[in-house]
Amino acid sequence: MMDYPLTIAFILRRAETLFGHKAIITRRPDKTLHRYTYADFVPRAKKLAVALRQLGLRRGDRVATLCWNQYEHLEAYFGVPLAGNVLHTINPRLHPSDLAYIVNDAEDRVLIIDDTLLPVLEKFRADVRIEHIVVIEHAAQAPAGTIGYEKLLASADANAFAYPQLDEGEAAAMCYTSGTTGRPKGVVYSHRALVLHSLGQASGAVGVLESDVVLPVVPMFHVNAWGLPFTCTMIGATQVHPGPHLDAESLCDLFVGQHVTYTAGVPTIWLGLLRRLDERPKEYDLSRLRLLVVGGSAAPKSMIRGFDERHGLRVLHAWGMTETTPLGVVSSLMSDLEQADAETRFAYRAKQGYPVPLVEIRAQDDAGHDVPWNGKTMGELQVRGPWVARAYYRSPESADRFTADGWFRTGDIVTIDARGYVEIQDRSKDLIKSGGEWISSVALENALMGHPAVAEAAVIAVPHARWQERPLACVVFKPGCTATAEELRAFLAPSFAKWWLPDAFEFVTEIPKTAAGKFRKTALRERFATAREPSPAS
Ligand code: AMP
């Protein structure tokens with residue numbers, strides 16, 4: 001067989017030759033619609049590649065983006081890797097100190113930023129060395145010292161573009177994931193991983209079709225919008241990019257107005273949509289929407305069932321990670337289960353699911369033995385496959401996340417049943433996932449223990465109806481000392497993003513410990529982890 005390299009070039013060439021007539025629609029920050037075709041998009045992606053070369057970038061240099069889901073971001077998804085550079089998508093919701101850290105760690109030479117996010121850049125600009133800042137202008141002209149995105153493209157000739165000879169193992173993109181302790185860790189996606197992941201995403205229950213109109217609500221800075229921009233471009237689906245407005249009403253307007261058939265997002269988004277539909281069931285005709293993919297946090301069974309029974313909408317639950325590009329397991333029903341009673345069907349659909357082709361799974365106990373697939377015995381989920389990371393970027397200290405026999409340790413504690421359906425029971429990593437975004441409990445604890453009145457602090461996740469999880473801090477005061485929840489929150493505020501601050505504080509006489517002296521958070525969770533709301537974050 002031919003030695004045919006699996007690279008992003010294949011996806012762009014395919015889009016160019018087959019799908020020139022298909023549309024890509026973006027809702028801009030002012031809510032006006034921008035509409036163009038793949039025939040318009042491809043030369044602009046090429047121009048970006050040429051322009052990056054003209055800026056003097058070398059093969060493998062990183063180009064960061066701080067953008068919403070928008071057509072310019074899609075252009076960067078292709079233009080950057082096809083210049084031989086690495087697309088580094090950045091989450092604007094991170095704390096400025098983390099933003100500075102990841103830009104410096106990745107050694108980003110160029111930043112492409114939407115002008116609505118310039119205030120985010122201002123918060124860490126002084127702490128990073130970026131050579132070129134390219135601004136996508138909506139409201140005003142690019143500020144002094146920056147380059148306008150359109151001007152940059154205008155300086156390049158699409159005809160000067162030649163598809164480079166890329167090795168499929170070369171880096172195409174990278175994304176940082178929150179660490180349990182310490183700093184975020186980079187995951188680097190090879191061309192090959194992205195191409196194979198796109199094929200995986202185009203197949204089976206989660207499959208995107210050429211006839212689909214796909215609206216990724218999941219941001220392009222979250223694991224490449226779960227791969228959808230690459231997959232849609234490969235398949236030739238119509239793409240609808242929603243920009244910064246992701247409330248239920250703004251989404252429904254796009255779903256109806258653009259005839260969206262396929263969408264994907266975290267549970268918080270879909271819980272908001274469900275509330276809206278329940279309040280005013282007849283307001284929007286969503287009958288074209290054939291699939292709502294949900295992942296990033298556990299999708300409540302009541303939500304899946306509510307969409308299904310009250311609104312005739314199909315929710316598909318999937319699990320993945322930054323380290324798995326992200327598609328791992330998907331909870332579609334095997335054909336015999338389609339015949340089961342409603343209770344059984346919804347119970348299966350609320351599980352995380354069984355692996356997509358090319359992803360293998362197992363669960364292991366603490367002693368490193370595989371646990372039986374009986375739906376009862378818990379173990380840590382481990383995965384392997386061609387789009388699973390084999391290391392973190394420049395992070396040899398994280399080598400323990402990979403087993404000696406070549407599997408990735410996810411940190412998710414699961415059961416696997418006899419059919420191979422995974423169900424997440426807990427997390428071994430000390431992280432809280434609020435509305436699809438990570439909060440490090442360890443970072444909050446360490447900061448709290450820096451307060452003069454605090455002897456010990458443990459932060460746990462408590463279930464929350466809207467955000468899935470929110471942080472709760474258990475605090476032990478030093479003898480003779482005390483502080484109020486407001487004082488502690490104010491103490492944390494300068495160091496953390498607002499949405500990281502614990503909603504609730506419990507003042508306790510001691511934190512239960514393991515034999516090794518570590519906080520026994522399971523005991524705290526048993527005591528305090530009942531669903532709470534409303535919260536300041538709501
Ligand atoms: P990230 O790398 O930010 O995408 O986060 C990956 C982690 O999110 C996983 O290891 C899980 O802990 C969690 N996660 C992702 N999808 C699901 C899901 N469907 N159900 C429960 N947890 C999930």
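What you see is a predicted model, and the numbers here were worked out from it, not measured in a lab. Each ligand, and each atom within it, is numbered from 1 in the order the structure gives. When a residue number appears, it is its place in the shown sequence, counting from 1.
Residue contacts with ligand 1 for S297 involve N, CA, C or O but no side-chain atom from C-beta outward (heavy atoms, distance under 4.0 Å). The part of R427 lying near ligand 1 is the side chain, judged by heavy-atom distances below 4.0 Å. Contacts of T322 with ligand 1, taken as heavy-atom pairs under 4.0 Å, involve both backbone and side chain. With a 4.0 Å cut-off on non-hydrogen atoms, A318 touches ligand 1 through its backbone and not its side chain.
For ligand 1, the polar-atom distance check against A298 finds a nitrogen or oxygen pair separated by under 3.5 Å. Among the atoms of T410, none of the N or O lies under 3.5 angstrom from an N or O of ligand 1.
Q201 and S203 are not linked by any side-chain donor-acceptor pair at a separation below 3.5 angstrom, with hydrogens and angles left out of the test. Q364 and T403 share no donor-acceptor pair across their side chains, judged by distance under 3.5 Å alone.
Ionic pairing of D405 and R362 is present here: one or more N-O contacts between side-chain nitrogen and carboxylate oxygen are shorter than 4.0 angstrom. Checked for salt-bridge contact, R276 and E249 meet the test: a charged N lies under 4.0 Å from a carboxylate O.
Below 4.0 Å from some heavy atom of I424 lie the following atoms of ligand 1, by number and element: 21 (C), 22 (N). Those atoms of ligand 1 that come under 4.0 Å of a heavy atom in K429, given as number and element, are 9 (C), 10 (O), 12 (O). Every atom of ligand 1 is numbered from 1 in the order shown, and the set under 4.0 Å from a heavy atom of Q352 is 18 (C), 19 (N), 20 (N), 21 (C). Counting the atoms of ligand 1 from 1 in the order shown, those under 4.0 Å from a heavy atom of M321 are 2 (O), 4 (O), 6 (C), 9 (C), 10 (O). Against a heavy-atom cut-off of under 4.0 Å, G296 is close to the following atoms of ligand 1: 8 (O), 13 (C), 14 (N), 15 (C), 16 (N), 17 (C), 23 (C). The ligand atoms of ligand 1 that sit less than 4.0 angstrom from a heavy atom of H317 are 18 (C), 19 (N), 20 (N).
In this structure a side-chain-to-backbone donor-acceptor pair under 3.5 Å is missing from S331 to H317. Looking at T231, its side chain never comes within 3.5 Å of a backbone N or O of L199 through a donor-acceptor pair. R470 places a side-chain N or O within donor-acceptor distance of the main-chain N or O of L501, the cut-off being under 3.5 Å. Checking side-chain atoms of N104 against main-chain N and O of D127 turns up a donor-acceptor pair under 3.5 Å.
Of all protein heavy atoms, the one lying nearest to atom 7 (C) of ligand 1 is W438 CZ2, 3.4 Å. Of all protein heavy atoms, the one lying nearest to atom 9 (C) of ligand 1 is D412 OD2, 3.2 Å. Counting only heavy atoms of the protein, atom 5 (O) of ligand 1 lies nearest to K433 NZ, 3.0 Å.
Residue G320 places a heavy atom under 4.0 Å from ligand 1.
Remark: of the listed residues I90, L87, L111, L87 is the sole one forming a side chain to side chain contact (heavy atoms under 4.5 Å, CB included) with T65.
In summary, the aromatic rings of Y189 and F230 are positioned with their centroids too far apart to meet the 6.0 Å limit.
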